[in-house]
Amino acid sequence: MSKTESAGVRLPETVQSPAETTRAALVQAALRLFGQQGFDGTSTREIAAEAKANIGSIAYHFGGKEGLRIATADYIVETMQEIAGQAIGDLPPLAAGTSSREAAQAQLFMALEHMVGFVVASPRAGAIVQFVLRELSHPTAALDRIYQGVFEPTHQRLCLIWEQATGEPAESEATRLTVFTLIGQVIYFRIGREAVMRRMGWQVIGDAEASKIAAAVTDNLGAILAARKG
């Protein structure tokens, strides 16, 4: 760490060029509108207005509306890879007296907590989940990029951790299905957000509510692991 950073002085962030700023604004606008209204239900004029950009900038930066959809998918991949890297990175060094199995189990708990923190509590996740759900309902080349860039490698990584945690083969049908159930319970709290808030009597799902959700899903993981041990 530099002396400037250690003194608490905030270093200037990288300044985007006007072209980069416009491109990023168009991607964010497309992410929101494609998720809310669908690809066919969203016009380039709406996207440009949302991004406060010239309509011609879509063709300039992306070649057209389809190119913008692909760029939006790439943004999702980049964002989710960063989140997944934080949640399911390499196993930490083993503490004295800790087995690799215990370390892998601890990593599963940590991964679920990170997932809840982003998928359930982060405002950024809402638009991403909406976009992905649209793609899952009507698959396009954008879904191919998201699947290959995020879904498959993240699921494979979690399956490998599950193998380390339980001894069950990573690519067995049972392991793959179990990992899907672990992910699925977290995703529900985003797609069923309104129903959850009504049933729980919550006005919002913020950090406090997300902590309760994380406790519930990690309890479920603990029960599954205990059953395997038994």
Side-chain angles (χ1 to χ4, degrees), residues 13-87 114-154 183-184 186-198 202-207 209-210 213:
E13 297 179 357
T14 303
V15 178
Q16 286 187 320
S17 69
E20 290 171 330
T21 300
T22 297
R23 192 180 193 282
L26 288 167
V27 168
Q28 290 300 318
L31 178 65
R32 290 190 295 273
L33 292 174
F34 288 161
Q36 292 169 4
Q37 304 174 182
F39 181 79
D40 293 332
T42 302
S43 69
T44 53
R45 190 172 299 279
E46 287 178 294
I47 296 168
E50 176 84 3
K52 297 180 174 58
N54 187 295
I55 191 170
S57 60
I58 294 175
Y60 176 79
H61 287 286
F62 309 103
K65 187 177 169 185
E66 180 59 38
L68 177 54
R69 171 157 62 180
I70 295 300
T72 305
D74 289 342
Y75 165 78
I76 290 172
V77 170
E78 181 181 345
T79 301
M80 296 308 297
Q81 283 178 343
E82 179 184 349
I83 300 300
Q86 295 169 2
H114 272 83
M115 284 184 208
V116 171
F118 178 74
V119 174
V120 178
S122 172
R124 284 195 300 162
I128 290 175
V129 170
Q130 278 191 315
F131 183 99
V132 171
L133 287 175
R134 291 271 186 183
E135 284 295 319
L136 289 169
S137 298
H138 303 284
T140 70
L143 179 62
D144 294 339
R145 297 171 92 93
I146 295 169
Y147 178 80
Q148 293 164 10
V150 180
F151 286 178
E152 185 175 51
T154 301
I183 298 170
V186 176
I187 298 298
Y188 176 79
F189 285 100
R190 169 56 70 173
I191 63 176
R193 190 180 189 85
E194 186 61 34
V196 171
M197 288 194 296
R198 292 185 184 195
W202 294 341
Q203 297 302 309
V204 296
I205 296 183
D207 291 342
E209 292 78 15
I213 292 169

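Everything quoted here is computed from the prediction, not taken from an experiment.
- Considering all non-hydrogen atoms of both residues, Pro153 and Gly149 come closest at CG-O, 3.5 Å.
- Heavy atoms only, all atoms of each residue included: Ser122 and Arg190 are closest at O-NH2, 3.0 Å.
- Listed here is the closest heavy atom pair of Val150 and Val77: CG2-CA, 3.6 Å.
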What's the verdict on side-chain contact (heavy atoms from CB on, under 4.5 Å) for Leu136 and Phe151, showing C-alpha distance, side-chain angles and the deciding distance? CA-CA 12 Å; Leu136 289 169; Phe151 286 178; 4.1 Å; yes
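- For the pair Val119/Phe189, no side-chain contact is recorded, criterion being any heavy-atom separation below 4.5 Å from C-beta on.
- Counting heavy atoms from C-beta on, the side chains of Thr22 and Asn54 never come closer than 4.5 Å.
- The side-chain heavy atoms of Ile128 and Phe118, taken from C-beta on, include a pair separated by under 4.5 Å.
- Between the CD atom in Gln81 and the CD1 atom in Ile76 there is a gap of 12.0 Å [rounded to 0.5 Å].
- When atom types are taken as modelled, the side chain of Glu78 and the backbone of Tyr75 share no donor-acceptor pair closer than 3.5 angstrom.
- For Ala29 against Ile47, the heavy-atom pair with the smallest separation is CB-O, 3.7 Å.
- We find the CG-CD distance between Leu31 and Gln36 to be 9.0 Å, quoted to the nearest 0.5 Å.
- Between the side chain of Thr42 and the backbone N or O of Leu33, at least one donor-acceptor pair lies under 3.5 Å.
- Taking 4.5 Å as the limit, some side-chain heavy atom of Phe131 sits within range of a side-chain heavy atom of Ile146.
- Looking at Glu66 and Arg69, their side chains come closer than 4.5 Å, going by heavy atoms from C-beta outward.
- In this structure, CZ in Arg23 is found 11.0 Å from OG in Ser17, a value given to the nearest 0.5 Å.
- The CH2 atom of Trp202 lies 4.5 Å from the CD1 atom of Ile213; values are rounded to the nearest 0.5 Å.
- Arg193 contributes no side-chain N or O that, together with a main-chain N or O of Gly126, makes up a donor-acceptor pair within less than 3.5 Å.
- Using a 4.5 Å heavy-atom cutoff, the side chains of Arg134 and Gln130 are not in contact.
- Between Ile83 and Arg124 there is a side-chain heavy-atom pair separated by less than 4.5 Å.
- The shortest heavy-atom contact between Ala51 and Ala25 is CB-O, 3.5 Å.
- Between the OG atom in Ser57 and the NZ atom in Lys52 there is a gap of 13.5 Å [rounded to 0.5 Å].
- Salt bridge annotation for Arg145-Glu135: absent, with no cationic side-chain nitrogen under 4.0 angstrom from a carboxylate oxygen.
- At least one side-chain heavy atom of Phe34 sits under 4.5 Å from a side-chain heavy atom of Lys65.
- Contact between Leu26 and Ala53 at its shortest, heavy atoms only, is CD2-CB, 4.1 Å.
- Distance check: Thr154 OG1 to Ile183 CD1 gives 7.5 Å after rounding to the nearest 0.5 Å.
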